[in-house]
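Notes to accompany the following structure.
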Amino acid sequence: HAKGAGKNVFALFEKRMNEHASERVTLLTDLRQAVSQGEFVLHYQPKVDVLTGKVTSVEALVRWMHPRLGLLGPDRFIRLAEESGLIAELTEWVMATACRQAKSWQEDGHPPVRVAVNLSPFHFQRQDVKEAILAVLGATELDPALFEIEITEGALMQNDEYTCRVLGELREMGITVSVDDFGTGYSSLSYLHRFPINTLKIDRTFILNMMKSTEDQAIVTAIIAMAKSLNMQIVAEGVETVEQLEALKDQGCHEIQGFLISRPVNAEKVARFFTDEDRLRQDRRTGIPAGD
Ligand code: C2E
Ligand code: MG
Ligand code: MG
Ligand code: MG
């Protein structure tokens with residue numbers, strides 16, 4: 001009867017909670033080890049100029065090569081890394097690996113291309129991120145002009161005086177500052193212009209819905225107009241179709257990133273987008289001229 005059933009449901013719920021908790025503990029133990037042993041790999045996704053087809057920057061996206069669970073995406077472990085304080089060490093690995101890779105592309109004779117890393121708001125607010133960036137640029141001897149950070153809108157809104165100062169210092173060194181997933185937070189125009197920001201990346205959800213929702217289309221239009229009036233560069237993330245690309249181009253969006261151009265791939269594969277030949281191949285699918 002009802003009472004018994006309720007109890008069973010609760011017991012089941014409790015069991016699930018415990019399973020979930022123990023899964024978390026195991027994953028945390030594994031993550032500690034992964035950070036100390038370097039069980040990670042970076043994939044790279046290009047951002048492309050809509051007019052010339054040139055790669056402007058490549059974003060480094062971390063994956064965990066888990067010994068039992070296989071390749072895990074960041075959504076499975078970044079939060080855990082943030083909550084456990086492992087994020088600083090993980091980010092140092094990401095930055096060092098990305099910078100070494102950018103340096104190595106250059107040494108292989110590729111044209112200079114910027115590498116972008118995602119910075120966690122936890123990390124940005126609580127640790128000396130600027131010192132960590134200086135250290136990695138010093139150690140790898142990468143030109144700061146080839147380094148970019150992506151921070152979310154939420155990170156700007158906490159502790160804004162500190163954020164403004166640190167971002168200003170990074171900008172002065174020649175580092176590019178991008179705001180990731182823009183439109184999902186609550187920044188207003190008047191708020192945004194106070195920050196030394198180079199680029200806004202329009203969140204994927206607006207791009208996903210822009211062809212079928214006039215509201216989303218209007219938001220995209222407004223973000224592009226606003227960013228232009230503030231002299232910011234605009235990147236649309238999550239572009240999957242030629243229709244989206246065409247609409248974005250019409251609106252004056254500068255760059256796109258998404259599966260239409262490439263999924264995140266390994267360093268060797270992404271480098272194929274740096275040459276004219278491969279841009280021409282890409283051209284056949286996207287209609288973006290190869291440029292020059
Ligand atoms: P993000 O920085 O906004 O990165 C974009 C995410 O969207 C990536 O997922 C990418 O694979 C995916 N994506 C790109 N183009 C498309 C598309 O056309 N369609 C669809 N459906 N998806 C697309 P990923 O690699 O799973 O990364 C998820 C998030 O994890 C990132 O979002 C970023 O916030 C975070 N992340 C990744 N690497 C790092 C890192 O090294 N440090 C920190 N703190 N966070 C990271
Ligand atoms: Mg990003
Ligand atoms: Mg993003
Ligand atoms: Mg996103």
Side-chain angles (χ1 to χ4, degrees), residues 31 34-35 38-48 56-65 71-99 101 114-127 129 132-133 136 147-156 176-185 197-211 223 233-245 248 255-266 269-270 273 282 285-286:
L31 189 61
V35 168
E39 289 174 8
F40 301 97
V41 65
L42 293 184
H43 283 178
Y44 298 89
Q45 191 180 32
K47 304 174 200 174
V48 165
T56 53
S57 155
V58 291
E59 178 175 8
L61 295 156
V62 70
R63 277 91 181 89
W64 178 5
M65 298 176 289
L71 202 64
L72 301 182
D75 292 337
R76 291 284 295 277
F77 61 88
I78 290 292
R79 228 192 127 79
L80 196 59
E82 289 172 339
E83 289 167 1
S84 61
L86 289 165
I87 191 71
E89 216 180 315
L90 174 60
T91 308
E92 274 167 36
W93 181 88
V94 169
M95 292 197 297
T97 307
C99 289
Q101 186 58 61
R114 223 164 46 224
V115 71
V117 299
N118 291 283
L119 290 185
S120 152
F122 280 74
H123 186 196
F124 193 89
Q125 295 300 338
R126 289 179 206 166
Q127 317 266 339
V129 174
I133 293 173
V136 79
F147 190 68
E148 174 176 344
I149 58 169
E150 295 192 5
I151 53 167
T152 53
E153 215 178 332
L156 293 181
T176 300
V177 175
S178 290
V179 178
D180 209 349
D181 303 339
F182 186 76
T184 56
I197 294 160
N198 298 93
T199 305
L200 290 188
K201 295 185 74 179
I202 308 175
D203 190 66
R204 183 152 67 79
T205 53
F206 299 111
I207 309 304
L208 182 68
N209 297 322
M210 67 183 283
M211 305 313 289
I223 294 175
Q233 189 75 3
I234 288 281
V235 180
E237 61 172 30
V239 177
E240 296 186 359
T241 68
V242 174
E243 290 69 34
Q244 290 166 339
L245 164 63
L248 289 160
E255 299 170 39
I256 60 161
Q257 184 182 30
F259 294 171
L260 178 67
I261 303 293
S262 170
R263 288 181 176 261
V265 290
N266 68 30
K269 282 191 181 144
V270 81
F273 287 91
Q282 160 199 322
R285 289 191 304 125
T286 61

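First listed ligand is number 1; within each ligand, the first listed atom is number 1. Predicted model, so just to flag it, every value in this text is computed and none were measured.
A heavy-atom distance below 4.5 Å is found between the side chains of L156 and I197. Side-chain contact between Q244 and L260 is absent, with no heavy atoms from C-beta onward closer than 4.5 Å. Residues S262 and V270 have side chains not in contact (no heavy-atom distance under 4.5 Å, counting atoms from C-beta outward). Inter-residue side-chain proximity for H43 and L71 is flagged as met; some heavy-atom pair is nearer than 4.5 Å. Residues E59 and D180 meet the side-chain proximity criterion, which asks for heavy atoms closer than 4.5 Å. Counting heavy atoms from C-beta outward, N198 and Q233 have side chains that stay 4.5 Å or more apart. For the pair I261 and I256, the minimum side-chain heavy-atom distance is below 4.5 Å. T56 has its side chain out of reach of V235: every pair of non-hydrogen atoms, C-beta onward, lies at least 4.5 Å apart.
Under the 3.5 Å distance criterion, the side-chain polar atoms of N266 are matched with a main-chain donor or acceptor of K269.
Taking a cut-off of under 4.0 Å to the non-hydrogen atoms of G258, the atoms of ligand 1 that pass are 15 (N), 18 (O). Heavy-atom contacts of P74 reach the following atoms of ligand 1: 24 (P), 25 (O), 26 (O), 27 (O), 28 (C), 30 (O), 36 (N), 37 (C) (cutoff under 4.0 Å). Of all the atoms in ligand 1, the ones that sit under 4.0 Å from a non-hydrogen atom of V239 are 18 (O). The distance from ligand 1 to the heavy atoms of V94 drops below 4.0 Å at these ligand atoms: 41 (O). Near D180, meaning under 4.0 Å from one of its heavy atoms, ligand 1 places the atoms 1 (P), 2 (O), 3 (O). Atom numbering of ligand 1 starts at 1 in the shown order; those under 4.0 Å from a heavy atom of V62 are 38 (N), 39 (C), 40 (C), 41 (O). Ligand 1 places these atoms under 4.0 Å from at least one heavy atom of E240: 17 (C), 18 (O), 19 (N), 20 (C), 21 (N).
When all heavy atoms of E148 and S57 are compared, the closest pair comes out as OE1-OG, 2.9 Å. Counting all heavy atoms, side chain and backbone alike, N118 lies closest to A60 at ND2-O, 3.5 Å. Among all heavy-atom pairs drawn from L245 and V239, the shortest one is N-CG1, 4.1 Å. In terms of heavy-atom proximity, Q257 sits nearest to P46 at CG-O, 3.3 Å. Minimum heavy-atom separation, E153 to G183: OE1-N, 3.0 Å. Closest heavy-atom contact between F206 and T184: CE1-N, 4.2 Å.
At a 4.0 Å heavy-atom cut-off, ligand 1 touches L61 through backbone and side chain alike. Residue contacts with ligand 1 for N118 involve both N, CA, C or O and side-chain atoms from C-beta outward (heavy atoms, distance under 4.0 Å). Counting heavy atoms under 4.0 Å from ligand 1, residue V117 does not touch it at all. Neither the backbone nor the side chain of L90 has any atom closer than 4.0 Å to an atom of ligand 1 (non-hydrogen atoms only). Looking at Q45 against ligand 1, only its side chain comes within 4.0 Å, counting heavy atoms. Only the side chain of R63 comes within 4.0 Å of ligand 1, judged by heavy-atom distances. Counting heavy atoms closer than 4.0 Å to ligand 1, residue D75 contributes side-chain atoms (C-beta onward) but none from N, CA, C or O. Contacts with ligand 1 closer than 4.0 Å are made by side-chain heavy atoms of R204 only, the backbone lying farther away.
Not a single N or O atom of P264, backbone or side chain, sits closer than 3.5 Å to an N or O atom of ligand 1. Residue Q257 has no N or O atom closer than 3.5 Å to an N or O atom of ligand 1. Taking distance alone, with nitrogen or oxygen atoms compared against 3.5 Å, A60 stays at or beyond that limit from ligand 1.
Every residue two or more places apart in sequence or in another chain that forms a side-chain contact (heavy atoms from CB on, under 4.5 Å) with F40 is listed here: L31, A34, V35, V62, W64, F77, L90, W93.
For T91, the heavy-atom gap to ligand 1 stays at 4.0 angstrom or more. Heavy atoms of G73 come nearer than 4.0 angstrom to ligand 1 in no pair at all. At least one heavy atom of E59 sits closer than 4.0 Å to an atom of ligand 1.
Within a 6.0 Å sphere centred on CZ of R63, heavy atoms belonging to other residues, nucleotides or ligands number more than 12.
Taking each of F259, F124, F40 in turn, the one with a heavy atom nearest to atom 16 (C) of ligand 1 proves to be F259.
Each protein N/O/S atom under 2.8 Å from the Mg ion (ligand 2) was counted, for a total of 4.
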